[in-house]
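For reference, the structure is listed below as structure tokens.
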Amino acid sequence: MTLLLPKRPIGNTALRVTELGFGAASLGNLYHSVSDSDARDTANAAIEAGIAYFDTAPYYGFGLSERRVGDALRGHDGIVLSTKVGRLLKADSSVQGDAERHGFRSPMPFKPEYDYSFEGVISSWETSKQRLGLARIDILYVHDIGRLTHGVRHDLTFHQLTEGGGFRALEQLRGSGAIQAFGLGVNETAICLEAMKHVRLDVILLAGRYTLLEQSALDDLLPACVHSGTSIVVGGPYNSGILATGTRQGGALHYDYGIAPQTVIDRVRRLESLCERHSVPLAAAALQFPLAHPQVASVIPGLGNPLRVENALTLYKTSISDTFWRDLKNEGLIHASAPIPAPAADRSSERYETGIKGHPT
Ligand SMILES: NC(=O)c1ccc[n+]([C@@H]2O[C@H](COP(=O)([O-])OP(=O)(O)OC[C@H]3O[C@@H](n4cnc5c(N)ncnc54)[C@H](OP(=O)(O)O)[C@@H]3O)[C@@H](O)[C@H]2O)c1
């Protein structure tokens, strides 16, 4: 039986996404391999659980994630799909064996080339549909535009979007109804504010920058999004892992695609102590915290096997006391102006069956 999870709108569009979405970088073999059958079972488990928003990208396993996501979603109505533009995949016959490239294990034999121009965006959209084996894509994100990725080449790549017609291509696709929404998919806030000066964004997939660990987006980006009616999809809600694993397990602790620095570990330890006092799983707080902001439409953890799906559902539904959220704020562990979930008494008791008051399903 497919369950009904609460949905929230994307910007001012007719799209509604489930509060819990599926981040499919994992299905591109991010960090470790996922077999085809595990990938299928994972996506099917998510669909069965009522997760009705999937995010993928050409970059994730150089086409592998899109192929797997498309195979899983084909024939299912009502699931919102986003993928990305900005990198075109070029066949690379020099690829040998199953070495890791760009963090992906055994990716497909392609290499990514940046192209944010008009032609690049249209070509990316067309080839994504071919790989997905789907006739429509709901949301396109401009992937990894900005200084964080492009450094000194930022002006050049951003120029492709503005003067080179990348934004114009996206506006045309949205205007014609070929896609329903577009935005950026990035790990930094500065580029979002810069892009918003040029174009109306329906939604921003902001990875790792509005989490239990970091809320500086409250100072500038989130107020700008409130003003423009732009939704936020929170990617990387565990900041690449440390907010799911905590600090006490053995082995490497992952933060922002790398090894966590000591300052981050110290901060997570403080969060863990509070969680322990209130018997709250750290990962549950990490998954639920961003959703307290009204601009956030969905939180999309990376899900790489069926157990992770089940676990994410449990964490998402875990009841967390009002005192935990208040203490989190009173002890200065989150930004002073960060919204926290409304007191339980003000919430619908049937939240998971009927949707949240004020957020049409
Ligand atoms: N620029 C962009 O547009 C952008 C950037 C980043 C992310 N995103 C989106 O956001 C999605 C999620 O990001 P992400 O996968 O990088 O980061 P994430 O969700 O913050 O963290 C994923 C990591 O957390 C671990 N994890 C998840 N659940 C766990 C659990 N219950 N217990 C222990 N460990 C757990 C996973 O380990 P296992 O591998 O062992 O399961 C994985 O290594 C992506 O798939 C993508 O859709 C977009």
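Numbering of ligands and ligand atoms starts at 1, following listing order.
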Mind checking whether Tyr59 and Phe62 have parallel, tilted or perpendicular rings, split at 30° and 60°? tilted
So Tyr60 and Phe104, would you call those rings parallel, tilted or perpendicular, with 30° and 60° as cut-offs? tilted
Under 4.0 Å from a heavy atom of [X]: give me the atoms of ligand 1 that qualify, with their elements.
| X | value |
| --- | --- |
| Asp55 | 9 (C), 46 (C), 47 (O) |
| Lys84 | 3 (O) |
| Pro301 | 12 (C), 19 (O) |
| Asn187 | 1 (N), 5 (C) |
| Gly235 | 10 (O) |

Basic-acidic side-chain contact under 4.0 Å: Asp38, Arg68: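 Answer for the salt bridge query: no.
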Nearest-contact summary for [atom] - protein heavy atom, Å:
| atom | result |
| --- | --- |
| atom 11 (C) of ligand 1 | Ile300 O, 3.3 Å |
| atom 14 (P) of ligand 1 | Gly236 CA, 4.2 Å |
| atom 6 (C) of ligand 1 | Tyr257 OH, 2.8 Å |
| atom 15 (O) of ligand 1 | Gly302 CA, 3.4 Å |
| atom 23 (C) of ligand 1 | Ser240 O, 3.5 Å |
| atom 40 (O) of ligand 1 | Arg308 NH2, 3.0 Å |

Would you please say whether a donor-acceptor pair under 3.5 Å links the side chains of Glu66 and Thr83?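 There is such a pair (donor and acceptor under 3.5 Å, judged by atom type) between the side chains of Glu66 and Thr83.
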Whether the His335 and Asp219 side chains hold a donor-acceptor pair (N or O, under 3.5 Å, no angle test) is what I'd like checked. yes
Compute the shortest N/O to N/O distance between [X] and ligand 1 and return yes if it is under 3.5 Å, no if not.
| X | value |
| --- | --- |
| Thr245 | no |
| His32 | yes |
| Asn311 | yes |
| Asn305 | no |
| Gly185 | yes |

As a test of understanding, state which of Val296, Leu205, Ile139 forms a side chain to side chain contact (heavy atoms under 4.5 Å, CB included) with Val233. Leu205
Tell me whether [X] at atom [atom1] has more than 12 heavy atoms from other residues, nucleotides or ligands lying less than 6.0 Å away.
| X | atom1 | result |
| --- | --- | --- |
| Arg67 | CZ | no |
| Asn12 | CG | no |
| Arg267 | CZ | yes |
| Arg153 | CZ | no |

Residue pair Leu274 / Leu328, side-chain heavy-atom distance below 4.5 Å: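 Counting from C-beta outward, Leu274 and Leu328 do come under 4.5 Å.
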Is there a side-chain contact between His278 and Thr323 (heavy atoms, below 4.5 Å)? yes
Is a donor on one side and an acceptor on the other found under 3.5 Å between the side chain of Lys329 and the backbone of Ala336? yes
Starting from the C-alpha separation in whole Å, work towards a yes-or-no answer on salt bridge (Lys or Arg N to Asp or Glu O under 4.0 Å) for Asp202 and Arg174. CA-CA 10 Å; Asp202 304 295; Arg174 181 175 62 188; 2.9 Å; yes
Using a 4.0 Å heavy-atom cut-off, which part of [X] comes near ligand 1: side chain, backbone, both, or neither?
| X | value |
| --- | --- |
| Ala25 | both |
| Asn239 | backbone |
| Leu303 | neither |
| His143 | side chain |
| Ala24 | backbone |

Proximity winner for atom 48 (C) of ligand 1, if only heavy atoms of Tyr255, Tyr60, Tyr238, Phe22 are counted: Tyr60
Just go through Gly241, Gly23, Gly208, Ala207 and tell me whose heavy atom is the nearest to atom 7 (C) of ligand 1.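 Answer by nearest heavy atom: Ala207.
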Any heavy atom of Pro237 closer to ligand 1 than 4.0 angstrom?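 Distance cut 4.0 Å: Pro237 passes for ligand 1.
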